[in-house]
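The chains referred to below are lettered A, B, ... by the order of the sequence lines, with proteins before strands, and numbering in each begins at 1.
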Amino acid sequence: MIMLQVNLPGLSLKNPIMPASGCFGFGREYSKLYDLSQLGSIMIKASTQEPRFGNPTPRVAETEAGMLNAIGLQNPGVEKVVSSELVWLEQYDVPIIANVAGSQIEDYVYVAEKISQSKNVHALELNISCPNVKTGGIAFGTIPEIAAQLTRAVKEVSDVPVYVKLSPNVANIVDMAKAIEQAGADGLTMINTLIGMRLDIKTGKPVIANKTGGLSGPAIKPVAIRMIYEVSQAVNIPIIGMGGVQTVDDVIEFLYAGASAVAVGTANFVNPFVCPEIINQLPGRLKELGFEHVTECIGRSWK
Amino acid sequence: MIMLQVNLPGLSLKNPIMPASGCFGFGREYSKLYDLSQLGSIMIKASTQEPRFGNPTPRVAETEAGMLNAIGLQNPGVEKVVSSELVWLEQYDVPIIANVAGSQIEDYVYVAEKISQSKNVHALELNISCPNVKTGGIAFGTIPEIAAQLTRAVKEVSDVPVYVKLSPNVANIVDMAKAIEQAGADGLTMINTLIGMRLDIKTGKPVIANKTGGLSGPAIKPVAIRMIYEVSQAVNIPIIGMGGVQTVDDVIEFLYAGASAVAVGTANFVNPFVCPEIINQLPGRLKELGFEHVTECIGRSWK
Amino acid sequence: MIKQELMVVTKHEKIAEHIFQLTLQGELVSEMGNPGQFVHLKVTEGSTPLLRRPISISEINLEKKQFTMIYRAEGAGTQLLSKKKTEDVVDVLGPLGNGFPIDEIEKGQTALLVGGGIGVPPLLELSRQLVAKGVSVQHVLGFQSKSAVFLEEEFSMLGKTIITTDDGTYGYQGFVTDAIKDHDIQFDTMFSCGPTPMLKALERLHGHKPLFLSLEERMGCGIGACFACVCHTGDDPTGTSYKKVCSDGPVFKAGEVVL
Amino acid sequence: MIKQELMVVTKHEKIAEHIFQLTLQGELVSEMGNPGQFVHLKVTEGSTPLLRRPISISEINLEKKQFTMIYRAEGAGTQLLSKKKTEDVVDVLGPLGNGFPIDEIEKGQTALLVGGGIGVPPLLELSRQLVAKGVSVQHVLGFQSKSAVFLEEEFSMLGKTIITTDDGTYGYQGFVTDAIKDHDIQFDTMFSCGPTPMLKALERLHGHKPLFLSLEERMGCGIGACFACVCHTGDDPTGTSYKKVCSDGPVFKAGEVVL
Ligand SMILES: Cc1cc2nc3c(=O)[nH]c(=O)nc-3n(C[C@H](O)[C@H](O)[C@H](O)COP(=O)(O)OP(=O)(O)OC[C@H]3O[C@@H](n4cnc5c(N)ncnc54)[C@H](O)[C@@H]3O)c2cc1C
Ligand SMILES: Cc1cc2nc3c(=O)[nH]c(=O)nc-3n(C[C@H](O)[C@H](O)[C@H](O)COP(=O)(O)OP(=O)(O)OC[C@H]3O[C@@H](n4cnc5c(N)ncnc54)[C@H](O)[C@@H]3O)c2cc1C
Ligand SMILES: Cc1cc2nc3c(=O)[nH]c(=O)nc-3n(C[C@H](O)[C@H](O)[C@H](O)COP(=O)(O)O)c2cc1C
Ligand SMILES: Cc1cc2nc3c(=O)[nH]c(=O)nc-3n(C[C@H](O)[C@H](O)[C@H](O)COP(=O)(O)O)c2cc1C
Ligand code: FES
Ligand code: FES
């Protein structure tokens, strides 16, 4: 499997495939279906300082080739994530990327400091782009200066490399990425969900209790590819790409666009075995396309 | 058909259904398939000052539940549009909304002044958001001050009400809409396409010659609904909604969100009879849902 | 264990207005146990509709490796499902969730099974398993109207069965709760599945007795990973404790979660 | 006139590697005329794949109201299409475009039909109509490899037919242009359909004679409204004049448009 090996700041990945944050919980459910050690990494669900119940239900709605979610960062709080979930995950030979969320800089700093000390957390993913949390959070993802400030603050306290997760709900994703790179981020992950909405035809009201939700799934893939294509040419830090990945060819398209590794979100709900299936298909497909090593695909669209 | 009648600035529409700009040419092709007088209105293809050939081919690519296009505003120039296309359209009992494009304010002003004098042009639609034209155009759609300036300039010369077409590729669509309202726009049309990209798995290169293209079709509907929901509550001018409409229920969802009329784009390619089909189904569906007049649906999601 | 399998359609028919009965065959059946569990179905290969659809298991036949579902074809996914023909395959993930606890009732005791509309199907397998255990069962099944009634014969063979309709076109006119009261039905344990207002009414009126309710919620993953389907727990001082309908339920004891 | 119809599959079979022959029946057939026209197919009801697929008409049977296509099942749409069974329906928009101008050749003259790969099918109906008119026809048909060859017998019945393969596993090894030269084929008018490099070579070598080429381009609407499929015209001082492959073509006279 040497041909799938990818090295990124803090992360020595046996393959570039990992479940995306929020789409895999802390791995317990999927561990009953397959051996998690097969995965390149796991991006665990967002942790916040305090436990959060999240938004009222319904929290999901289906759209054409996509879905909306407004989970609202439900999680048991960083203490519990560290003591129970991360310790449980230690049994697997898989580096963890810990998704960190909050509504103020201090929240992020608190969570980042705590969680980055866990043995198996090899990198942080700053969730500055969750569209489902009202209090402030969204500004981090749309104003470059604020995103940079947050990045700097977290970098100061984190024991491990810091990746920042970009929101696609901006006019200029490149400016945002550059500001975050200059602030010292070790990598980027992109894209988070687009903000969307669905109305019930009978009641006339939003299907999701939170009204708006984050749009994910195959519908958003063209937006993700475009943004990764643009950002990867403008920055010198690596990108973990995501947004609508369902197949091994989707993974290769993300690598061509400029991603160095690829996360799978919504597709886990459609096919819970999608990650190991893609990992198994990847070497054969790469050979078919004439590659000897997965890294040869990275940035091929513009190189 | 009284139950479908909608009145908007400059437009007395026998029904709220119209083909979206660029997806219907100047109507000639569809006129061979059905009587164009059935339509509420026609949003004709963008006109520019000079004739344009547009971008190299391939100009379209398919995506999951959507498509990318980079036509590049191909058109014969405003003079020819006025003298040949608009005159030809006069045989139909249908008000025309003329889509106006350019790369500088002067271009827009030139086209707007000319085209607004045509007998059957009852409104202009300022295309400040075409993602496929390199020279400047995109800034009009992402910077509120510039959009407002353009709106004012065009308002000054136009003989008919001016609608401005919003780009979804912004962080804050409400700010943009408000700026344009304050600048004197009579209405808004939204949304134009999201910027997207698709790569060919064999060559690694973009499928579309222009590299990026505009994403349209059902995939983007949740984004359109969300934006119309937000903007319609923040402004006092009407909205013509569009983005992924395929069915009569989609039309009703757009009205619920806050649109006063609805345009159909990509779906014309999938089913060339989609507009008259929706118009025929609309009264029955409205009755089923308990409405006596189509206007009762408008803004129902937040009213 | 949860499995994913392309199962084969062996029987598929319309049994009431908009209501279809679908029998599938495959290895996955051998994993099925408690009545009240559900499966998660992908009805097409493509991305529209994207998500799986949760449907309850209505009958299990371990010998033939077959199980049956009954569903209402209404939205995009279930309408596509209704077009499947014999020998077509359906992508099934399951069995999911925890069903009705048949250990909570003893041989010789009396169970009352109360179903509403499309909540009726899972009660059939439950009734069979209870009868097999020696429990005496009674059923009160509510439907909107005569044309919507199904499974009456199957339930009648297992125990006394009262059908109610909202519009009185068939059986008792009125709510199931009224029928229970009017018929003065006695029971040791009640099991129910149906619309939330019905479950709420049952909880209010009969929550003091052993009562198990099967809930519905919009789902993403169906296996407990996405937190789409959570509900608040009954006793929750911090406001952050929760249960997931898909993996902790769909069956809960009355009071365990907030309806 | 262009019509949209749900047409019924009467025959569907694999005739070479990845290559399928599909016969559909319906009223729309009566609108078909010139060989070289195409239809635009929607292969599913849902939104994936969203767009129609342009496929050439290969044979027309007005009496039976049937027409036949031959297509390569490769991408998402054509693979789904290949799963259609007899009596299934396919959503057809057509006939579209302008075909080969059979008026441009006289009875008694000689036509050379040159096809490459999946460009071969429309030449079959063309050959039939030319033969019916009293034109003498010859065919040079290029394929990648032996396993990809199809329609050889059908063409042979209409006139002399040379098959070429890129890898020499069948017939003449090499390009169709070489075969034409080596066999010293004489003709009054040439008609061709195939990959662009082949069309370019033919135009370079034979453009001084009457030569008609059928082009391919990515399409949106297929009827001339979206401007997806334009090409530059041969003589274009302003750079803004154009032809649409879907509605002005797909067949053009050599030199009319820039390949
Ligand atoms: C545990 C459980 C068991 C169920 N058992 C049955 C059964 O045995 N028979 C039956 O007919 N129905 C059952 N349902 C309801 C069934 O899941 C929905 O009717 C179905 O998903 C609707 O899909 P659609 O394609 O018709 O609708 P669409 O409108 O296309 O659905 C859109 C989305 O909303 C979801 N959704 C819509 N309605 C519901 C609902 N009531 N509950 C959960 N999700 C919904 C869909 O799953 C899909 O994700 C059950 C639901 C749950 C949660
Ligand atoms: C006028 C015309 C006639 C044609 N006749 C035939 C024929 O008789 N037999 C045959 O096998 N093929 C024919 N083609 C090519 C055929 O349209 C494509 O092979 C087919 O659309 C590919 O669809 P897919 O689902 O396999 O691929 P996908 O990769 O899923 O296609 C994605 C998108 O790209 C478009 N596309 C991909 N390849 C082509 C192509 N070569 N030309 C145009 N669009 C393309 C598709 O239509 C679709 O919109 C013709 C094309 C044109 C323009
Ligand atoms: C149900 C759900 C929950 C999510 N929760 C989180 C989260 O907690 N933190 C985060 O950064 N992203 C979250 N996301 C976003 C995903 O990680 C991913 O960026 C996005 O869904 C796009 O990828 P996809 O199309 O493959 O799903 C969530 C997405 C979904 C669908
Ligand atoms: C092929 C194509 C060409 C378009 N050309 C224009 C245009 O000239 N001017 C414009 O304002 N919008 C143009 N649009 C955008 C549409 O008018 C519409 O806003 C968008 O496609 C979303 O609607 P839909 O999803 O129904 O297609 C074009 C869209 C497509 C698909
Ligand atoms: S549906 Fe995902 S946790 Fe229940
Ligand atoms: S495909 Fe639309 S103009 Fe030719």
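Contacts of B:Ile201 with chain A are made by both backbone and side-chain atoms, with heavy-atom separations under 4.5 Å. If you measure heavy-atom distances from B:Asp200 to chain A, the contacts under 4.5 Å come from the backbone alone. Proximity to chain A is absent for every atom of B:Glu288, based on heavy atoms less than 4.5 angstrom apart.
The two residues B:Asn192 and B:Ser167 have their closest heavy-atom pair at CB-CA, 4.4 Å.
For chain A, the option among B:Arg198, B:Glu253, B:Arg300, B:Arg285 with the highest count of heavy-atom pairs below 4.5 Å is B:Glu253. Ranked by heavy-atom pairs under 4.5 Å with chain B, the list A:Pro218, A:Pro222, A:Gly66, A:Pro206 is led by A:Pro222. Chain B forms more heavy-atom pairs under 4.5 Å with one residue of A:Asp249, A:Ile225, A:Leu199 than with any other, namely A:Leu199. When B:Gly244, B:Ala257, B:Ala171 are compared by the number of non-hydrogen pairs under 4.5 Å with chain A, B:Ala171 comes out ahead. Residue with the most contacts toward chain B among A:Ala61, A:Gly290, A:Ala219: A:Ala219 (heavy-atom pairs, distance under 4.5 Å).
Defined by atom type and a distance below 3.5 Å, a donor-acceptor pair is missing between the side-chain atoms of A:Gln5 and A:Asn15. Between the side chains of A:Ser216 and A:Thr266, at least one donor-acceptor pair of N or O atoms lies under 3.5 Å.
Salt bridge absent: B:Glu181 and B:Lys178 never bring a charged side-chain N and a carboxylate O closer than 4.0 Å.
Aromatic rings from A:Phe140 and A:Tyr108 are positioned such that their centres are separated by under 6.0 Å.
Here NZ of B:Lys211 is found 11.0 Å from CD of A:Glu230. Values are rounded to the nearest 0.5 Å.
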